[in-house]
Asks: 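Right, I'll just put the structure down here and ask away after.
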Amino acid sequence: MGTWRRTHGCGELKKEDAGTRVVLMGWVHRTRDHGGLIFVDLRDRSGIVQVVFSPQVSQKAFEIAESLRNEYVVAVTGEVRLRPEGTVNPNLPTGEIEVYAEEAKVLNRAKVSPFYIADNIEVDEALRLRYRYLDLRRPEMQRLLKMRYRTTKAIRDFLDSRGFWEIETPMLTKSTPEGARDFLVPSRLNPGDFYALPQSPQLFKQVLMVAGVERYFQIVRCFRDEDLRADRQPEFTQLDMEMSFVSREEVMGVTEELLSYVFRTVLGVEIQLPFPRLTYREALERYGSDKPDLRFGLEIKDISDLVGKSQFKVFAEAVEKGGVVRGINAVGCGNYSRRELEDLTKLAGTWGAKGLAWMIVEAGGIRSPIAKFFSPEELESIKERMKAQTGDLLLFVADEEERAAQVLGNLRLELAGRLNLLDPEKFAFVWIVDFPLLEYSEEEGRYKAVHHPFTSPREEDIFLLDSEPLKVRALAYDVVLNGVEVGGGSIRIHRRDLQEKMFSLLGLNSEEVQEKFGFLLEAFEYGAPPHGGIALGLDRLVMLMGRRDTIRDVIAFPKTQSGTCLLTGAPGPVTPEQLKELHLIPAAPKGKGQISLIRGAK
Ligand code: ASP
């Protein structure tokens, strides 16, 4: 660069800088040739500024400007001037000024980029990922990268002020059960053995509590080899925390304060504390989901008691069989056409509903194909329970409880979308507590931990572990934001006997337990303090803060749905020599350049 030294960022220049000589370096965003003058929008990560090349100021610089193409990397020296009246651009932060170029230098040329580097343009995501370095040059992507950095910085500042220590835990480790498949790494030095990449640092952070650390956190990469349906990544980042000598309330309290600090510092948004709380049961009953979106109401109401004895067979029978009749008031949707109602019913079918009953509240009474089965008193009480007014549409599902909750939970979101209630500017946090400790997997014919096997049951429910394990509630909590689960944690088991009991309920035999978790059980025998913690999904959190709808937009180098990196081409084949070194032998070749593996002999 010789003697050139950059003095300002393009986007930093303001009208107060008029008269200053500046040296700018950045990328050519756009050029416009107006015959006698060439205008170049110069871009760097701070923003864009207009540079004017005039032969009157410098013939040499003007000639260089003629050769510039989009995305060339250039250095420009010039004077900041106020734009002439009438040419001020109110849409550009630097729109009141421009820079008159005196000297220019091309630092590097660029090929025609496969897409225009600007926000709000439609580009195929595969192309964006293949040329991620160009995609990340876009102002919106830079905004997100910066917001993510500011978020982790705020997290560290806050937790530091609360006495937490950031401690790294191994990436090459043993399996940590979080309900997913492990990524395995073969050990060259221990033929036939494998490390697992951590699904979370759960076991290490618990061991750190036994080690007397008391308050730990880590912003940490976790690995889960899942089928990448929905918005998941094989590697993702958690804010992982653990504390000793705390109750559930204390962990939840620190987490809330942390989140409110982050939202205030990064977004300037005030979050009301404490967050509302729902038990798992309430969440399912009132919102049909254990991750309810509380940006809007549209609450589910149970009318089983009102219609269980009615003449309408579908409702009466459902209640008789132990099921429920529940509904939602689609406020102001009384003008839905028959066609629209049929479409909704079809949609409900895809969520598992056997049907969808509707009633429209009109000035003269209720209009509905099923109205005739109810007495005027029954209709009145339904209206009252549903808080229905003239012009409302009431939608009902009669089914066993779980199915009804699922259908109505989906219906609630569908209606919110139609009624424009999903406001991206709103942030509605909620805690879900009192999850069941266990669920029964029909598929595997055994109990499974709803969170993970280290979660403590509620003290007062421990006696049910043998007789009615499904009734035992966990000391677990999830934090949900706008209908997205952004974190979860629990108070842990810290006694060997209870932890062993939990493993045996989960169907693990003592040899397996010893092999997998022997070190943890042993640690529990050396003065393990009571402890608990939580992990927040950093990618999801930043996604919501950035008002995006995929975590890929807030990860610098994400993978595709099939787990590949389009930039580097990972995963890729390895050589037979490498396999040999790792004591792996290739199985039948799968095709050109592809090798499938079987585990080598010990
Ligand atoms: N280890 C848990 C997870 O990754 C979080 C926790 O219990 O702290 O989901």
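Both ligands and their constituent atoms are indexed starting at 1 by order of listing. FYI, the numbering just counts along the sequence from 1.
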Asks: Give me the ring orientation class for F429 and F275: parallel if the planes are under 30° apart, tilted from 30 to 60°, perpendicular past 60°.
Replies: parallel
Asks: With heavy atoms only and a cut-off of under 4.0 Å, state how I534 meets ligand 1: side chain, backbone, both or neither.
Replies: backbone
Asks: Of the side chain and backbone of R492, name the one, both, or neither that has a heavy atom under 4.0 Å from an atom of ligand 1.
Replies: side chain
Asks: Please confirm whether R224 comes under 4.0 Å of ligand 1, counting heavy atoms of the residue only.
Replies: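 Contact present.
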Asks: Quick one: list whatever passes ring pair (Phe, Tyr, Trp, His ring centres under 6.0 Å) with Y280, sequence neighbours left out.
Replies: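 Residues passing ring pair (Phe, Tyr, Trp, His ring centres under 6.0 Å) with Y280: F435.
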Asks: Salt bridge or not between D227 and R232? Use side-chain N to carboxylate O under 4.0 Å.
Replies: no
Asks: For ligand 1, is any non-hydrogen atom under 4.0 Å from S200's backbone (N, CA, C, O), its side chain (CB onward), both, or neither?
Replies: side chain
Asks: Under a 4.0 angstrom heavy-atom cut-off, which atoms of ligand 1 come close to A535?
Replies: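 By the 4.0 Å cutoff, the relevant atoms are 5 (C), 8 (O).
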Asks: May I ask you to say whether D434 pairs ionically with R458, meaning some side-chain N is under 4.0 Å from a carboxylate O?
Replies: yes
Asks: Given G488, G489, C222, which has its nearest heavy atom closest to atom 5 (C) of ligand 1?
Replies: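 The residue whose heavy atom sits nearest atom 5 (C) of ligand 1 is G488.
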Asks: Please check this pair: side chain of R547 against backbone of M545, looking for a donor-acceptor N/O pair closer than 3.5 Å.
Replies: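 At least one qualifying donor-acceptor pair exists.
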Asks: Is the ring pair F454/F503 parallel, tilted or perpendicular, if the boundaries are 30 and 60 degrees?
Replies: perpendicular
Asks: Around atom 2 (C) of ligand 1, find the nearest protein heavy atom and jot down its residue, atom name and distance.
Replies: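 Answer, as residue, atom name and distance: E178 OE2, 3.3 Å.
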Asks: From atom 8 (O) of ligand 1, work out which of K205, E242, Q199, M241 has a heavy atom at the shortest distance.
Replies: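 Result: the heavy atom closest to atom 8 (O) of ligand 1 is in K205.
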Asks: Could you check whether any heavy atom of Q238 sits closer than 4.0 Å to an atom of ligand 1, since that is the contact criterion I want to use?
Replies: yes
Asks: Does K559 pair with E235 as a salt bridge, N-O distance under 4.0 Å?
Replies: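 Answer for the salt bridge query: yes.
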